[in-house]
Amino acid sequence: MKHVIVIRHHDVDSAGFIGAAFEARGAELAVHLFPDDGPLPALVPDRVDHVVVLGAVSSVNDPGAWIAEELAWLRRADQAGVPVLGICFGAQALCAAAGGRVQAMQRKEIGWKMVDSVDHELIPPGPWLEFHGDRCLPPAAAGVLARNEAGLQAFSLGRHLALQFHPEVDGAQLKGWLDAGGDREVEQLGIDPCQFVADTIREEPAARDRADRLVAAALHIARRTSGHAPPAPGR
């Protein structure tokens, strides 16, 4: 493992436990804030081992040239054979880039939640930190790996792994989200922001271990298939 590109969309975001798990395997992380840092990095297969795409306040369905640019970049990553680990918005972007749909939920899913995993070794059932208002309806080629009553929680697309939950987040990162305005979303669901942060801090040791297992799963999925996720029709 040499080089992992991390795409984040807000300066408060970090690859956190996921980034640490890649670094523990010898990876060097190159973090790019998009769109603020300018165009997305070049995808050179023999120089990029993996891509991680983090969450965003925006919906994949929002208007914006940067969203269309990111979806096109993900399709180029697939064509170049570079595996992607998509988290929350990143998972939804993978879904949309491959021809699936992303739709708004009637009620946002926020908090620590369990999921029903197809393979507990590949995707531990949790608990996982959720913070999203959209859900994925991926193309038929997707392999369902986990779901719960709110919708699909993990799936594979060829060599790529998509996660609706946030395995990267520790208490400090969650506090940053809440301070940036996320506290209002949390309170609207009847969740105490201070308790949410306390629960997240308490969960950190186990969350770090689960994130490490997810990176192992992402690498396993990338190795086991040479197939591509299908490109979106007409793009």
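Values reported hereafter were calculated over all heavy atoms of this structure, with side chains retained and with hydrogens, waters and symmetry mates removed. Source: prediction; values computed, not measured.
To the nearest 0.5 Å, the span separating CG on D209 from CD on E204 amounts to 13.5 Å. Of the inter-residue distances, the one linking N61 atom CG with I67 atom CD1 reads 8.0 Å to the nearest 0.5 angstrom. To the nearest 0.5 Å, the span separating CZ on R213 from NE2 on H220 amounts to 13.5 Å. From Q92, atom CD reaches atom CG of L152 across 10.5 Å, with rounding to the nearest 0.5 Å. Atom CD of Q164 sits about 4.5 Å away from atom SG of C88, to the nearest 0.5 Å. Between E70 atom CD and F89 atom CZ the span is 5.0 Å, to the nearest 0.5 Å.
Taking the six-membered ring where the residue is Trp, W66 and H9 present tilted rings, their angle falling between 30° and 60°.
The existence of a salt bridge linking E203 and R208 is excluded, since no basic side-chain nitrogen approaches an acidic carboxylate oxygen closer than 4.0 Å. Checked for salt-bridge contact, K2 and E28 miss the test: no charged N lies under 4.0 Å from a carboxylate O. Ion pair R202/D199 flagged as a salt bridge, since at least one NZ, NE, NH1 or NH2 atom sits closer than 4.0 Å to an Asp/Glu carboxylate oxygen. The pair R25-D49 fails the salt-bridge criterion, with no side-chain N (NZ, NE, NH1 or NH2) lying under 4.0 Å from an Asp/Glu carboxylate O.
Using a 4.5 Å cut-off on side-chain heavy atoms (C-beta onward), E185 and L189 make no contact. Taking 4.5 Å as the limit, every side-chain heavy atom of L129 sits out of range of all side-chain heavy atoms of I110. The shortest distance between side-chain heavy atoms of L174 and F196 falls below 4.5 Å. Considering only heavy atoms from C-beta on, P167 comes within 4.5 Å of W128 through its side chain. Two residues are said to be in side-chain contact when any heavy atoms from C-beta on lie closer than 4.5 Å; R101 and C95 fail this criterion. Looking at heavy atoms from C-beta onward, V53 lies out of side-chain contact with L94 at the 4.5 angstrom threshold. Proximity of I201 to V197: side-chain heavy atoms (C-beta onward) are separated by under 4.5 Å at one or more points. Looking at heavy atoms from C-beta onward, L137 lies in side-chain contact with Q103 at the 4.5 angstrom threshold.
Taking the six-membered ring for Trp and the full ring otherwise, W177 and H166 have centroids separated by under 6.0 Å.
Proximity of a side-chain donor or acceptor of R184 to a complementary backbone N or O of E187 within less than 3.5 Å is not detected. Between the side chain of W73 and the backbone N or O of P41 there is at least one donor-acceptor pair closer than 3.5 Å. In this structure a side-chain-to-backbone donor-acceptor pair under 3.5 Å is present from S117 to I123. Without hydrogens or angle criteria, Q173 side chain to D13 main chain gives no donor-acceptor distance under 3.5 Å. Side-chain N or O atoms of H10 include one that pairs as donor or acceptor with a backbone N or O of V57 at under 3.5 Å.
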Worked verdict on R8 versus V31 for side chain to side chain contact (heavy atoms under 4.5 Å, CB included): CA-CA 7 Å; R8 60 179 185 159; V31 180; 3.7 Å; yes

Step-by-step side chain to side chain contact (heavy atoms under 4.5 Å, CB included) determination, V6 to V51: CA-CA 6 Å; V6 176; V51 166; over 6 Å; no

Candidate pair D78 and R159, rule side chain to side chain contact (heavy atoms under 4.5 Å, CB included), full reasoning: CA-CA 8 Å; D78 180 67; R159 59 174 56 83; 4.1 Å; yes

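For D192 against V186, the heavy-atom pair with the smallest separation is C-CG1, 4.5 Å. Listed here is the closest heavy atom pair of A154 and F165: CB-CE2, 4.5 Å. Minimum interatomic distance between P193 and I191 (heavy atoms only, all atoms of both residues): CD-O, 3.3 Å. Smallest separation of non-hydrogen atoms from P127 and M114: N-SD, 3.4 Å. Here the shortest heavy-atom pairing between E168 and S14 reads CG-O, 3.4 Å. The heavy-atom pair separating L214 from P124 by the smallest distance is CD2-CD, 4.1 Å.
Residue pairs meeting the ring-ring contact (aromatic ring centres under 6.0 Å, His included) criterion with at least one partner in residues 132-155, sequence neighbours excluded, do not occur; the list is empty. Sorted by first then second residue, the ring-ring contact (aromatic ring centres under 6.0 Å, His included) pairs that include residues 134-154, not counting sequence neighbours, number zero.
Under the rule for a side chain to side chain donor-acceptor pair (under 3.5 Å), K113 has no partner lying at least two apart in sequence or in another chain. Considering only residues two or more places apart in sequence or on other chains, Q153 meets the side chain to side chain donor-acceptor pair (under 3.5 Å) condition with E109, E130, N148. Under the side chain to side chain donor-acceptor pair (under 3.5 Å) criterion, R147 pairs with no residue, sequence neighbours left out.
Under the 4.5 Å side-chain contact rule for hydrophobic residues, L74 and L40 share a cluster. Cluster membership check: L29 shares its hydrophobic cluster with L161, using side-chain heavy-atom separations under 4.5 Å among Ile, Leu, Val, Met, Phe, Trp and Tyr. Hydrophobic clustering (ILVMFWY, side-chain heavy atoms < 4.5 Å, transitive): F131 and F17 are in distinct clusters.
Of the candidates I87, I7, V215, V52 forms a side-chain contact (heavy atoms from CB on, under 4.5 Å) with just one, namely I87. Checked against L85 for a side-chain contact (heavy atoms from CB on, under 4.5 Å), the options L219, I18, L54 give a single hit: I18.
Alongside M105, the hydrophobic cluster contains no other residue (criterion: ILVMFWY side chains under 4.5 Å).
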